Amino acid sequence: MQSILVVGGAGYIGSHMLSHLQNAGYQPIVLDNLSTGHRDAVINAELIVGDMGDAALLDQLFQQHRFSAVMHFAGCIEVQESVTHPLKYYKNNVAATMTLLEKMQQYDVNHLIFSSTAAVYGEPQTALITEKHPLNPVNPYGRSKLMVEQIIKDMSEQGILKYAILRYFNAAGADKKKGMKERHQPETHLIPLILQVAQGIRENITIFGADYPTIDGTCVRDYIHVTDLCEAHLHALIWLLTKKQNVVCNLGVGRGYSVLEVLKVAREITAHSIPMVVSEKRPGDPASLVADPLLAYETWGWKASADLEMMVRDAWEASRELIKNEV
Ligand code: UFG
């Protein structure tokens, strides 16, 4: 059985990935510092609690296991926080990743799946963003991910590794069959926050800016179900291990929804009025980010299947499960 090191495997997307790997016959081994991840999200897999920037720990890990690939989900992901705390982003996302990459090189582990982001594109110049769109990130988060992309490409040029760089649009939903959920502390993401209002945890949802040049003035994002994201990762892994070809690929649906449209769907699903207040724009937010998802389809014959309603419904059911279990 091939072992895969899943860095950040206790986090939202990484933990969802574990069962997809297991079902496909791989053995995931998780490295996570639990700064934002959850121990109980790692199901049926070994969890090593530690930091990817800890060279001594990585020495141990790479000596104990022969990994076929590394999947790198670990990182700080909040746009606004990256504006106010840029060094945290460069330290965790860039510097710590460099230690991981150094150890991959030292131990000759040469396949990497890297979680990148639509934030590397910055303000879109076209309605749909292809992978060839110029890379002009407008916040430190996006810049930190782009720096790592460049480091990985430079290493690959030297024959050190092969990579799949996956640029996520907005991950949402949960695998409710497995009792999985999205749990950020503090929560900053739109769909979980909206659902917290419906649960009575918050009074209202704040809309960050209503005068963007979009259909209704609120920001437009391409929401993709976390299960779809995981399936795409599996395609990328198999592709990398068999074809040994580099790929940089968007992971999105190709359809954008405004904040108000998301709110409308959530009101329908939760049967709650979910009051809103409009506030200032959030620094670093591009008006619209929608993927052109064609390359993923051409490369792996894969496209996302869940729609926004399913994402909100699954997130809603998962969040209610969470409350039930915590009471
Ligand atoms: N929003 C609100 N109110 C809130 C929270 C969010 O109006 O309380 C708006 C944001 O301004 C944005 C949209 O809802 O327009 C989505 O915001 P999220 O915080 O849910 O997600 P982001 O688009 O900021 O960022 C997410 C990930 C990033 C990733 C990016 C790619 O957190 O890691 O998607 O599109 F890079």
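Counting convention: from 1, in listed order, for ligands and their atoms alike. Keep in mind the model is a prediction, meaning the values are calculated, not measured.
Neither the backbone nor the side chain of Y212 has any atom closer than 4.0 Å to an atom of ligand 1 (non-hydrogen atoms only). Only the backbone of T188 comes within 4.0 Å of ligand 1, counting heavy atoms alone; no side-chain atom from C-beta on gets that close. At a heavy-atom cutoff of 4.0 Å, ligand 1 is contacted by both the backbone and the side chain of H189. At a 4.0 Å heavy-atom cut-off, ligand 1 touches D285 through the side chain alone.
Contact check on R313 versus E309 returns a salt bridge, with a Lys/Arg side-chain nitrogen under 4.0 Å from an Asp/Glu carboxylate oxygen. Ion pairing between a basic and an acidic side chain is recognised when a charged N comes within 4.0 Å of a carboxylate O; D285 and R221 show such pairing. With salt bridges taken as basic N to acidic carboxylate O contacts below 4.0 Å, none links K145 and E149. Under a 4.0 Å N-O distance rule, the pair K88/E81 qualifies as a salt bridge.
Ligand-side atoms of ligand 1 in range of L289: 35 (O), range being under 4.0 angstrom from any heavy atom. Close contacts between ligand 1 and A119 involve ligand atoms 36 (F) [criterion: under 4.0 Å to a heavy atom]. Remark: ligand 1 atoms within the under-4.0 Å shell around heavy atoms of I77 are 28 (C), 32 (O), 33 (O). Listed by atom number, the atoms of ligand 1 under 4.0 Å from I205 heavy atoms are 8 (O).
Residue contacts with ligand 1: I207 is placed with no nitrogen or oxygen under 3.5 Å of a nitrogen or oxygen of the ligand (distance criterion only). Here's the thing with R221: one of its N/O atoms is less than 3.5 angstrom from an N/O atom of ligand 1. Residue contacts with ligand 1: L190 is placed with a nitrogen or oxygen under 3.5 Å of a nitrogen or oxygen of the ligand (distance criterion only). Considering backbone and side-chain atoms alike, T117 places every N or O at 3.5 Å or more from each N or O of ligand 1. Annotation: T206 places an N or O atom under 3.5 Å from an N or O atom of ligand 1; distance criterion only.
Ring orientation note: the planes of F62 and F67 are nearly perpendicular, at an angle over 60° on the 30°/60° scale.
At a cut-off of 3.5 Å, with distance as the only test, no side-chain donor of D175 or T227 sits close to an acceptor on the other residue. Between S115 and H72, the side chains place no donor N or O within less than 3.5 Å of an acceptor N or O (distance only, hydrogens not considered).
Cation-pi geometry between R255 and Y257 is satisfied (NZ or CZ under 6.0 Å from the ring centre, within 45° of the ring normal).
Atom 33 (O) of ligand 1 has as its closest protein heavy atom Y141 OH, 2.9 Å. Protein heavy atom nearest atom 9 (C) of ligand 1, with residue, atom name and distance: V259 CG2, 3.8 Å. Among protein heavy atoms, the minimum distance from atom 15 (O) of ligand 1 is reached at C219 CB, 2.8 Å. From the protein, the heavy atom lying nearest to atom 24 (O) of ligand 1 is R282 NH2, 2.6 Å. Protein heavy atom nearest atom 25 (O) of ligand 1, with residue, atom name and distance: N170 ND2, 3.9 Å. The single protein non-hydrogen atom nearest to atom 8 (O) of ligand 1 is L193 CD1, 3.3 Å, given as residue, atom name and distance. Closest to atom 4 (C) of ligand 1 among all protein heavy atoms lies F208 CE1, 3.3 Å.
Close to ligand 1: Y223, with a non-hydrogen atom less than 4.0 angstrom away.
With sequence neighbours excluded, no residue forms a salt bridge (Lys or Arg N to Asp or Glu O under 4.0 Å) with R66.
Formation of a donor-acceptor pair under 3.5 Å by the H111 side chain with backbone atoms of S68 is found in this model. Counting only distance, with no hydrogens or angles, the side chain of D54 and the backbone of A56 share a donor-acceptor pair below 3.5 Å.
Aromatic ring centroids of H85 and Y90 lie 6.0 Å or more apart.
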Could you go step by step and tell me if F73 and H233 meet the ring-ring contact (aromatic ring centres under 6.0 Å, His included) rule? CA-CA 11 Å; F73 295 96; H233 280 71; 5.2 Å; yes
